[in-house]
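Written below as structure tokens is the structure these notes are about.
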Amino acid sequence: MNVRVRFAPSPTGPLHIGGVRTALYNYLFAKKHGGDFILRIEDTDSQRFVSGAEEYIIEAFDWLGIAFDEGPHKGGKYAPYRQSERKPIYKEYVDRLLKKGLAYIAFDTPEQLEAKRNEIPNFQYDASTRLSMKNSLTLSQKEIEDRINAGEQYVVRIKIEPSQIIVVNDLIRGEVRVNSSILDDKVLYKSVDQLPTYHLANIVDDHLMEITHVIRGEEWLPSAPLHIVLYQYFGWENTMPRFAHLPLLLKPEGNGKLSKRDGDRLGFPVFPLQWQDPKTGEISSGYREAGYLPQAVLNFLALLGWNPGDNREILSMNELATLFALEKCSKSGAKFDYKKGEWFNHQYVQLKSNEEIATMLLETSSHCKIFQEIADQARNNNAVFEKLVKVAGLVKERVNFVKEIWEQAIFFFVAPTTYDEKTVKKRWKENSAVQLTELTGILESIEVFTAENSEKIVIQWIESKEYSLGNIMNVFRLALVGEAKGPHIFDITEILGKEEVIKRVKRAITIIN
Ligand code: GLU
């Protein structure tokens, strides 16, 4: 059997990060089995359609490096992949159900339905109530025709047989048994826009597109019994796809479903890319714009609800695809530990070469004018770029995001003109100026200004004079950096170069004294 899975988002806004995880699991499953991964746009709800959402979805997966084998942007044997372009297909299948008496036409207006709800507690449109409603089961053939000819709008509802046991065999949740009496006669089709609802379109398309596994969020589990009934009504039980309902993504604290508000409250994105609401103009942050590497996002998401069975965490896409198994997905919700996401990004930054990081830095300098100037210089001057490469290598271990390297590295490019007051108070001793002046002489004498050689010579000098190593190193650092931070001091001196180091030490002596 050729595995075929689909990701079937509704273009109702930006794609939530939970949707990205659903797509990723489908993708990994397809890769593992050498199958096909299909994008299907479920745009049958015209009320909720948001323009730009489909483009957003495609761009997001492009950025993540998740490729579809078929889809509206790629075409394929089962096209069209946009449900709004498949209207005649659904009509045909609705008619089949009507003809077989497995569905019926209903004319009840919203007001009439509302009145029923007020009249009957917990009203449900089903076997117990359908015969008291305005539908093709209760009206004469003539009245039905008259109403339709008069242009009255109607819906088509599925006719659910009560007291049947429906068994959902879920690959993650196991066997779930449901009594059909709890199901209602869901609307399958609406005359007003001649469009099917999700339930009908989903089943017809999964069947026609030869989908073998439906991997989707847990919120769809309650719809699965209805879907199974539809497969039975169409006579497609033998080719029915296997179901796998993924656990919810939970708030970082673990109570309740992850929402956009959690991201706003705690400061992390819940969307892959930044999104601007076309109506309100409101902007929501995205992982891409926040500086996440796509591989880090995917690795992070892959482990939210699944793990390889040991404690390995950093896994390439190939490893993930090899190891992935629906049976190993967890049944319970996965806490969205966004700090872990930052940790993954840190790990993936470390895996980048220093050249790659420097190149990325050129693209992420816009948050500060000085950074921009340095980036411009690096673009035009190879020596500056090479310096950026070295600096990146030196400070990358201190950051979670590439752009944070700028703050860590700025002193390599711009000499301090002021010195952190607290550090001066604490570290600058009576003899610091004399010692630093002596140090400049030592630095002058060093011929090979590498970290290793400079360190050896400076330490020799300190020892021969019986100075305090700590005192000297602290003020030396203060002179070079302007504060008590930064990487190993002789790594700094090597990158700054002899001339610049001596200049900075001399200037510190003048200014601080
Ligand atoms: N269109 C549905 C959604 O937006 C698809 C659910 C499914 O995968 O069946 O999530």
Side-chain angles (χ1 to χ4, degrees), residues 3-30 35-50 52-58 60-61 66 68 70-72 78 80-86 90 158 168-173 176 186-190 195-231 236 240-249 257-260 270-272 275 301 305 326 329:
V3 163
R4 287 178 55 83
V5 291
R6 86 299 194 273
F7 179 58
S10 301
T12 55
L15 183 60
H16 190 275
I17 198 73
V20 178
R21 185 198 55 170
T22 300
L24 172 63
Y25 283 19
N26 274 283
Y27 176 79
L28 293 175
F29 187 76
D36 300 323
F37 179 43
I38 292 117
L39 176 65
R40 185 171 74 220
I41 297 294
E42 302 209 323
D43 55 349
T44 55
D45 188 343
S46 41
Q47 303 283 314
R48 295 182 60 219
F49 179 84
V50 172
E54 181 184 322
E55 292 76 1
Y56 175 99
I57 290 166
I58 290 170
F61 288 110
I66 290 195
F68 293 95
E70 299 162 30
Y78 303 81
Y81 293 92
R82 215 175 270 121
Q83 289 187 329
S84 59
E85 293 166 15
R86 300 170 64 80
Y90 306 123
I158 186 168
V168 185
N169 254 314
D170 192 278
L171 288 167
I172 297 173
R173 328 220 123 227
V176 182
K186 278 262 177 319
V187 173
L188 301 178
Y189 182 85
K190 299 178 276 40
L195 278 171
T197 58
Y198 157 71
H199 302 292
L200 182 92
N202 196 263
I203 277 18
V204 168
D205 285 348
D206 283 347
H207 173 74
L208 294 178
M209 295 181 180
E210 299 188 84
I211 299 301
T212 57
H213 296 78
V214 168
I215 305 168
R216 61 186 172 190
E218 174 181 278
E219 65 273 28
W220 300 103
L221 183 59
S223 304
L226 167 66
H227 295 173
I228 290 174
V229 172
L230 275 166
Y231 280 107
W236 297 335
M240 190 168 84
R242 300 296 314 269
F243 288 109
H245 289 94
L246 303 173
L248 277 181
L249 291 186
K257 195 172 139 194
L258 176 72
S259 75
K260 174 165 147 38
V270 296
F271 301 120
W275 165 260
L301 290 178
L326 287 169
C329 287

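Computation of the quantities below employed the complete heavy-atom set of this structure, encompassing side-chain atoms and omitting hydrogens, waters and symmetry-equivalent molecules. Counting starts at 1 for both ligands and their atoms, in listed order.
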TODO: Decide if the gap between the ring center of Phe61 and the ring center of Phe7 is smaller than 6.0 angstrom.
DONE: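 Centroid distance Phe61-Phe7: below 6.0 Å, so yes.
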
- [ ] Start with the C-alpha distance between Tyr81 and Asp205, add both sets of side-chain angles, then the distance that settles side-chain hydrogen bond (donor to acceptor under 3.5 Å, both in side chains), and finish with yes or no.
- [x] CA-CA 9 Å; Tyr81 293 92; Asp205 285 348; over 6 Å; no

Open item on the list: Looking at Arg6 and Asp206, is any side-chain nitrogen of the basic one under 4.0 Å from a carboxylate oxygen of the acidic one?
Closed with: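 Here Asp206 pairs with Arg6 in a salt bridge, since their nearest N and O are under 4.0 Å apart.
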
Task: Glu70 with Arg4: basic N within carboxylate O range, under 4.0 Å - done: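 A salt bridge is present here (some side-chain N lies under 4.0 Å from a carboxylate O).
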
Open item on the list: Test side chain to side chain contact (heavy atoms under 4.5 Å, CB included) on Tyr78 and Ile38; report intermediate values, then the result.
Closed with: CA-CA 10 Å; Tyr78 303 81; Ile38 292 117; over 6 Å; no

Open item on the list: Glu219 vs Lys257, test: salt bridge (Lys or Arg N to Asp or Glu O under 4.0 Å). Steps then yes/no.
Closed with: CA-CA 11 Å; Glu219 65 273 28; Lys257 195 172 139 194; 6.0 Å; no

May I have the N/O to N/O pairs between ligand 1 and the protein that fall below 3.5 Å, each with atom names and distance to one decimal?
from, atom 1, to, atom 2, distance (Å)
ligand 1, 1 (N), Ala8, O, 2.8
ligand 1, 1 (N), Ser10, OG, 3.0
ligand 1, 1 (N), Glu42, OE1, 2.6
ligand 1, 4 (O), Ser10, N, 3.4
ligand 1, 4 (O), Ser10, OG, 3.1
ligand 1, 8 (O), Arg6, NH1, 2.8
ligand 1, 8 (O), Arg6, NH2, 3.4
ligand 1, 9 (O), Arg6, NH2, 2.9
ligand 1, 9 (O), Tyr198, OH, 2.6
ligand 1, 9 (O), Asn202, ND2, 3.2
ligand 1, 9 (O), Arg216, NH1, 3.0
ligand 1, 10 (O), Trp220, NE1, 3.3

